[in-house]
Amino acid sequence: MTTGPKLVSILRQGSYLIASIHTALDDTQMVRFQEDLVEQIGRYRSRGVIIDVAALDVLDSFGARTLRTIAEMARLRGAVTVIVGIQPDVAFAMVSLGMATGSVVTLLDLEEGLAFLDSRTQRNATSGRPALRTLSRGAP
Amino acid sequence: MVRRIVAARVQDGPTADDLVQETLVRVLAAAPRVEPGMLESYAIVTARNVVASLWRERDRHRRNQHRVVDLLPEQTHDDGLVAQEEQNAVVQALARLSERERDTLLAHEVSGQDTRSLAGEIGSTAGAVAAQLNRTRARLRVEYLLALDQAEPPTERCRPVLLALSSGDRRRQREVDAARHLLECDLCARLSEPLMERGQARDDEIRIPIHVDADIVAARQAARELASRLGFSKTDLTLIATAVSEVARNIVRFAGLGEIVVELLDQPRRGVRVVAMDTGPGIADVEQALADGYSTYQGLGLGLPGARRLMDEFAIMTEIGRGTTVTMTKWREER
Ligand SMILES: [Zn+2]
């Protein structure tokens with residue numbers, strides 16, 4: 001559809017998917033992003049997903065809801081989702097708006113996100129339980 | 001602008017011509033600057049120039065320019081029919097002014113009488129005469145555009161709205177709710193284009209039409225950019241952008257068509273005002289719409305109540321079958 005620079009990118013790294021939003025997305029683009037990401041989680045049997053939203057100008061009710069939906073759908077497919085890069089002013093607006101990110105894990109940056117996924121998937125491995133059930137409670 | 005080339009204006013023409021001529025004879029009696037046989041043509045060209053000051057600044061190199069400077073009525077134009085159309089429109093517009101308006105305008109514009117001496121004659125002040133002249137010019141422009149368009153305004157609100165736009169009087173525009181009328185009235189929307197292009201464009205106001213998803217992003221980014229000029233903190237800018245995003249989405253989801261106007265304020269202190277209006281079905285239960293968790297579309301139900309929390313002031317006006325207007329303001333914290 002677009003011929004300009006990519007709006008989002010989804011990269012595979014081992015059993016993780018790293019999705020970066022590169023610019024402000026409108027609702028239609030946000031929904032397409034959700035569909036693409038969920039499709040790839042299934043296709044690659046990913047265990048963890050990091051969504052980097054540092055470039056988003058706002059996270060309004062629709063944007064926040066879409067992220068929660070992604071996390072929920074990923075969870076049902078056995079993957080943990082981490083949101084990274086929420087800017088302080090964006091976070092403040094979300095709180096003022098009356099939104100919490102709910103059960104979705106939010107962390108500072110990609111590095112923290114990767115560390116978190118490693119620890120979670122590690123725990124799954126050592127505990128020997130199926131990932132789906134272990135992860136079903138979402139974030140601490 | 002639509003110009004209809006129609007020669008038949010028989011029913012209106014003579015009367016209008018008579019009125020204008022009668023006025024001229026009276027006005028020019030004491031100020032014979034112009035050859036008597038030329039009076040009417042001269043006046044019409046002068047009035048046309050008043051009207052054409054509309055376009056003067058817009059683009060000096062456009063073909064419209066011939067309307068601005070030539071004072072020679074016998075000059076032929078390439079498009080003689082169009083020129084004739086314009087001239088007829090000017091005559092009609094002049095005829096629609098009140099006698100007093102016409103007298104004063106022509107005395108000033110045609111015979112060059114200054115505002116002070118005009119004020120002396122009618123027992124007023126120069127300032128009041130100047131203000132009246134401005135109103136008359138504004139009316140002349142409106143009547144000219146209506147005559148040129150051969151349009152009769154469909155509602156009683158049309159003329160007051162067009163007049164407020166033509167005079168550039170922002171307070172009056174708000175009083176007559178001009179922005180909403182332009183959403184609802186095709187004729188005024190069309191005529192408002194040349195009227196609003198007058199003079200320099202306002203740089204402390206942005207209007208964004210809202211129709212599709214992408215407009216939501218455009219609106220919030222435009223609001224952020226404009227507000228950033230007042231030195232709002234990054235946090236406040238994000239609050240404003242988020243609030244605009246929410247009300248814009250409401251328009252797209254519920255109304256389908258609307259407009260967001262973002263305006264910088266000076267009074268009572270610095271701030272930014274966002275007016276989001278639509279021509280949608282209206283909100284049956286405002287209390288409910290403002291209650292947390294209420295939503296008829298797939299969202300978090302935070303649209304309106306969320307936007308209200310993000311801004312300092314929030315007001316909503318809605319009418320079933322007509323539409324909704326949300327007005328919200330964020331004041332700049334003075335430190
Ligand atoms: Zn109208």
Side-chain angles (χ1 to χ4, degrees), chain A residues 1-8 21-36 38 53-73 83 85-104 106 108 138, chain B residues 208 210-225 227-228 232-254 276 289-312 314 328 330:
Chain A
M1 184 190 101
T2 48
T3 53
K6 288 180 71 170
L7 303 171
V8 300
I21 297 173
H22 299 305
T23 182
L25 299 185
D26 68 33
D27 294 3
T28 307
Q29 293 162 338
M30 200 77 189
V31 168
R32 190 171 308 135
F33 170 66
Q34 171 188 316
E35 290 166 354
D36 287 353
V38 170
V53 298
L56 274 187
D57 59 336
V58 304
L59 262 172
D60 59 15
S61 58
F62 186 84
R65 175 182 161 273
T66 306
L67 292 182
R68 278 158 69 151
T69 304
I70 292 172
E72 187 63 15
M73 293 176 85
I83 312 291
I86 296 181
Q87 300 298 304
D89 50 301
V90 172
F92 181 73
M94 289 175 76
V95 173
S96 306
L97 196 57
M99 287 183 301
T101 46
S103 58
V104 184
T106 59
L108 203 57
Chain B
I208 308 106
I210 305 294
H211 182 46
V212 295
D213 274 353
D215 299 332
I216 301 173
V217 177
R220 73 187 185 219
Q221 289 180 339
R224 179 194 292 266
E225 199 179 307
S228 71
F232 276 106
S233 68
K234 190 161 184 262
T235 301
D236 276 348
L237 291 176
T238 303
L239 294 181
I240 293 165
T242 308
V244 168
S245 200
E246 298 294 345
V247 294
R249 179 173 295 108
N250 262 35
I251 294 177
V252 173
R253 293 285 198 278
F254 293 131
L290 286 173
D292 281 326
Y294 171 79
S295 177
T296 57
Y297 71 99
Q298 287 197 315
L300 286 178
L302 289 169
L304 289 178
R308 178 160 71 163
R309 271 197 289 272
L310 298 175
M311 303 293 277
D312 295 328
F314 184 97
M328 49 190 198
K330 188 95 187 158

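Since this is a predicted model, take the numbers as computed values, not measurements. So that the names make sense, note that chain A is the first sequence line, chain B the second, and so on, each numbered from 1.
When side chains are defined from C-beta on, B/Lys234 does not count as touching A/Val90, because their heavy atoms never get closer than 4.5 Å. The shortest distance between side-chain heavy atoms of A/Asp57 and B/Arg220 falls below 4.5 Å. With a 4.5 Å cut-off on side-chain heavy atoms, A/Asp26 and B/Ile216 do not count as touching. You'll find the side chain of B/Arg224 reaches within 4.5 Å of the side chain of A/Val58, heavy atoms only.
Of all non-hydrogen atoms in B/Ser245 and A/Asp60, the two that sit nearest each other are OG-OD2, 2.5 Å. Taking every heavy atom of both residues into account, B/Leu310 and A/Ser96 meet most closely at CD2-CB, 3.4 Å. Considering every non-hydrogen atom in both B/Gln221 and A/Ala24, the closest pair reads NE2-CB, 3.4 Å.
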(request) Mind running salt bridge (charged side-chain N to carboxylate O under 4.0 Å, His left out) on A/Asp27 and B/Arg253 for me, showing each step along the way? (result) CA-CA 11 Å; A/Asp27 294 3; B/Arg253 293 285 198 278; 3.1 Å; yes

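Heavy atoms of B/Arg308 lying under 4.5 Å from chain A are absent altogether.
Counting only N and O atoms by type, the side chains of A/Asp89 and B/Thr235 include no donor and acceptor under 3.5 Å apart.
The side-chain hydrogen bond (donor to acceptor under 3.5 Å, both in side chains) test applied to B/Thr242 returns no partner, not counting sequence neighbours.
Note that the CD atom of A/Gln29 and the CG atom of B/Asp213 stand 8.5 Å from one another [nearest 0.5 Å]. The distance from atom CG of B/Leu239 to atom CZ of A/Phe92, rounded to the nearest 0.5 Å, is 5.5 Å.
At most 12 heavy atoms of other shown residues, nucleotides or ligands fall within 6.0 angstrom of atom NE2 in B/His211.
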